**Student:** 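Take a look at this one; I'll ask things after.
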Amino acid sequence: LQKPCPSDCKRIALPPPESLRALGKLDLFTAIANRESHREFAAAPLSLDELAFLLWATQGVREVLNPSAALRTVPSAGARHPFETYIAVRTVKGLKPGLYRYLPFDGELAQLSRTNNVVSQAGDACLGQNWMADAAAVFFWTATPQRTEWRYGAASHKVIALDAGHVCQNLYLACEAIGCGTCGVGAYSQEAVDKLLAVDGNEEFVVYIAPVGKKMRPA
């Protein structure tokens with residue numbers, strides 16, 4: 001259900017989902033109507049509550065059905081949920097800049113590295129999309145295809161791509177609900193982004209990326 005976490009990783013507890021209800025007060029109609037991609041971000045940091053809300057909205061766990069299946073906050077073919085979520089952090093209150101991985105079954109973040117310029121590195125790995133350097137955080141979703149392949153075989157590449165779209169759309173709507181912006185990114189060097197996350201590029205590899213930050217206020 002979740003990639004094992006190295007025992008020597010520092011873990012940071014996230015606020016529980018039920019404590020985050022007050023964050024997203026925007027009605028769904030308005031969130032859908034106003035949803036758009038943002039490539040400019042304000043300097044204000046995200047709060048840890050806001051990051052936790054976005055993580056829950058995109059890969060939060062609703063119910064564990066059995067040792068190999070769980071229901072989450074997004075749909076997935078056969079409830080396979082083949083993704084892991086990594087976050088490159090620049091400015092999030094309560095977190096040091098660096099690379100983290102979301103542990104949804106534990107309600108925690110695993111700190112993988114302390115790197116002040118990891119968000120800039122993400123922009124470089126995305127074929128020089130330097131606007132990403134102003135994001136407060138960058139979401140990376142990696143696919144672990146084995147979770148899906150044992151059930152769907154040759155069709156797995158299609159359903160994994162569909163599942164990734166579900167995840168990023170939830171991020172767009174959740175961002176809209178809390179005054180943040182995002183932009184789904186599919187243009188990147190596969191080798192560079194996999195290296196940035198220290199994944200092998202075969203059994204686990206990046207499939208989608210989305211920088212997040214506070215919206216620029218109108219002049």
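For clarity, every value in this text was computed on a predicted model and none was experimentally measured.
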**Student:** Show the nearest heavy-atom pair for residues Y208 and C168, with the distance to one decimal.
**Tutor:** CE1-CB, 3.4 Å
**Student:** Check whether R147 reaches the backbone of R80 with its side chain - one donor and one acceptor, N or O, closer than 3.5 Å.
**Tutor:**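 Absent.
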**Student:** Does some side-chain heavy atom of P82 sit less than 4.5 Å from a side-chain heavy atom of P145?
**Tutor:**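 No; the side chains remain at least 4.5 Å from each other.
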**Student:** Salt bridge or not between E50 and K93? Use side-chain N to carboxylate O under 4.0 Å.
**Tutor:** no
**Student:** Given 3.5 Å as the limit, does a donor-acceptor pair link the side chain of T148 with the main chain of S156, or not?
**Tutor:** no
**Student:** Who pairs with E36 by side chain to side chain contact (heavy atoms under 4.5 Å, CB included), at least two apart in sequence or on another chain?
**Tutor:**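 Once residues adjacent in sequence are excluded, the partners of E36 under the side chain to side chain contact (heavy atoms under 4.5 Å, CB included) criterion are H38.
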**Student:** If you measure from the Lys or Arg side-chain nitrogens to the Asp or Glu carboxylate oxygens, is any gap between K215 and E176 under 4.0 Å?
**Tutor:** yes
**Student:** So do L54 and I178 actually touch side chain to side chain, heavy atoms under 4.5 Å?
**Tutor:** yes
**Student:** Check whether any side-chain heavy atom of P104 sits under 4.5 Å from a side-chain heavy atom of L55, and report yes or no.
**Tutor:**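 Side-chain contact under 4.5 Å: no.
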**Student:** Would you say that more than 12 heavy atoms from the other residues, nucleotides or ligands in this model lie under 6.0 Å from the CD of E40, or not?
**Tutor:** no
**Student:** Going by heavy atoms in the side chains, are R11 and L103 under 4.5 Å from each other?
**Tutor:**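 The answer is yes; the side chains approach within 4.5 Å.
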**Student:** Only counting residues at least two apart or in another chain, list the ones meeting side chain to side chain contact (heavy atoms under 4.5 Å, CB included) with A154.
**Tutor:** none
**Student:** Hey, any chance L48 and Y102 share a hydrophobic cluster, counting ILVMFWY side chains that come within less than 4.5 Å of each other, even indirectly?
**Tutor:** yes
**Student:** Stepwise, does the side-chain contact (heavy atoms from CB on, under 4.5 Å) test hold for L51 with L109?
**Tutor:** CA-CA 11 Å; L51 179 62; L109 287 175; 4.2 Å; yes
**Student:** To the nearest 0.5 Å, tell me how far H157 NE2 sits from E149 CD.
**Tutor:** 11.0 Å
**Student:** Is there a donor-acceptor pair under 3.5 Å between the side chain of T182 and the backbone N or O of P211?
**Tutor:**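 Confirmed, T182 side chain pairs with P211 backbone.
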**Student:** Of the non-hydrogen atoms in L46 and C180, which two are nearest, and what is the gap between them?
**Tutor:**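 Taking every non-hydrogen atom into account, CD2-SG, 3.4 Å.
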**Student:** OH of Y100 to CZ of R114: how many Å apart, nearest 0.5 Å?
**Tutor:** 7.0 Å
**Student:** Roughly how far apart are L173 CG and L28 CG, rounded to 0.5 Å?
**Tutor:**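 The CG atom of L28 is 6.5 Å from CG of L173, to the nearest 0.5 Å.
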**Student:** Between N170 and T58, do the side chains contain a donor N or O and an acceptor N or O under 3.5 Å apart?
**Tutor:**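 Not at all, the side chains of T58 and N170 share no donor-acceptor pair under 3.5 Å.
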**Student:** Testing the basics here: between A174 and F53, what is the closest heavy-atom pair and its distance to 0.1 Å?
**Tutor:**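 Closest heavy-atom pair between A174 and F53: O-CE2, 3.6 Å.
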**Student:** Might you point out which heavy atoms bring I87 and A137 nearest each other, and give the distance in Å?
**Tutor:**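 That would be CG2-CB, 3.8 Å.
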**Student:** Could you measure the distance from the SG atom of C175 to the CG atom of L26? Nearest 0.5 Å is fine.
**Tutor:** 12.0 Å
**Student:** Mind running side-chain contact (heavy atoms from CB on, under 4.5 Å) on R62 and T73 for me, showing each step along the way?
**Tutor:** CA-CA 7 Å; R62 293 165 49 204; T73 53; 4.2 Å; yes
**Student:** How is the hydrophobic cluster of M132 composed, in terms of its other members, when Ile, Leu, Val, Met, Phe, Trp and Tyr link through side-chain heavy atoms under 4.5 Å apart, directly or indirectly?
**Tutor:** F41, Y86, L99, L112, V118, V119, W131, V138, F140, V185, Y188, V193, L196, L197, V199, V206, I209
**Student:** Can you confirm whether more than 12 heavy atoms, excluding those of K10, are under 6.0 Å from its NZ atom?
**Tutor:**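 No, not enclosed.
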**Student:** When clusters are formed from ILVMFWY side-chain contacts under 4.5 Å, directly or step by step, what else is grouped with V159?
**Tutor:**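 Cluster partners of V159: Y152.
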**Student:** Quick check against the 3.5 Å criterion: does N117 have a side-chain atom that pairs as donor or acceptor with the backbone of S120?
**Tutor:**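 Here the side-chain-to-backbone pair does not exist.
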**Student:** Nearest 0.5 Å, what's the CD-CG distance between E204 and D194?
**Tutor:** 8.5 Å
**Student:** So which heavy atom on S113 is nearest to which on T115, and how close?
**Tutor:**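 It is OG-OG1, 3.5 Å.
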**Student:** Other than F105, which residues form its hydrophobic cluster under the rule that side-chain heavy atoms must be closer than 4.5 Å?
**Tutor:**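 Once heavy-atom contacts under 4.5 Å are chained together, F105 belongs with L1, V61, V64.
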**Student:** Does any part of the side chain of L171, heavy atoms only, come nearer than 4.5 Å to the side chain of W141, both counted from C-beta?
**Tutor:** yes
**Student:** What residue among Q2, R72, E84 forms side chain to side chain contact (heavy atoms under 4.5 Å, CB included) with Q59?
**Tutor:**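 Testing Q59 for a side chain to side chain contact (heavy atoms under 4.5 Å, CB included) against Q2, R72, E84 leaves exactly one candidate, R72.
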**Student:** Compare every heavy atom of V207 with every heavy atom of A164, then report the nearest pair and how far apart it is.
**Tutor:**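 Distance-wise, the nearest heavy atoms are CB-CG2, 4.5 Å.
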**Student:** Could I get the full list of side-chain hydrogen bond (donor to acceptor under 3.5 Å, both in side chains) partners for N130, not counting sequence neighbours?
**Tutor:**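 In terms of side-chain hydrogen bond (donor to acceptor under 3.5 Å, both in side chains), with neighbours along the sequence ignored, N130 is linked to no residue.
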**Student:** Quick check against the 3.5 Å criterion: does Q129 have a side-chain atom that pairs as donor or acceptor with the backbone of A187?
**Tutor:** yes
**Student:** State plainly whether one hydrophobic cluster holds both V89 and I12, where clusters connect Ile, Leu, Val, Met, Phe, Trp and Tyr through side-chain heavy atoms under 4.5 angstrom apart.
**Tutor:**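 Result: yes, single cluster for both.
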**Student:** Rounded to the nearest 0.5 Å, how far does CG of D134 lie from CZ of R39?
**Tutor:**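 Taking CZ in R39 and CG in D134, the distance rounds to 14.0 Å.
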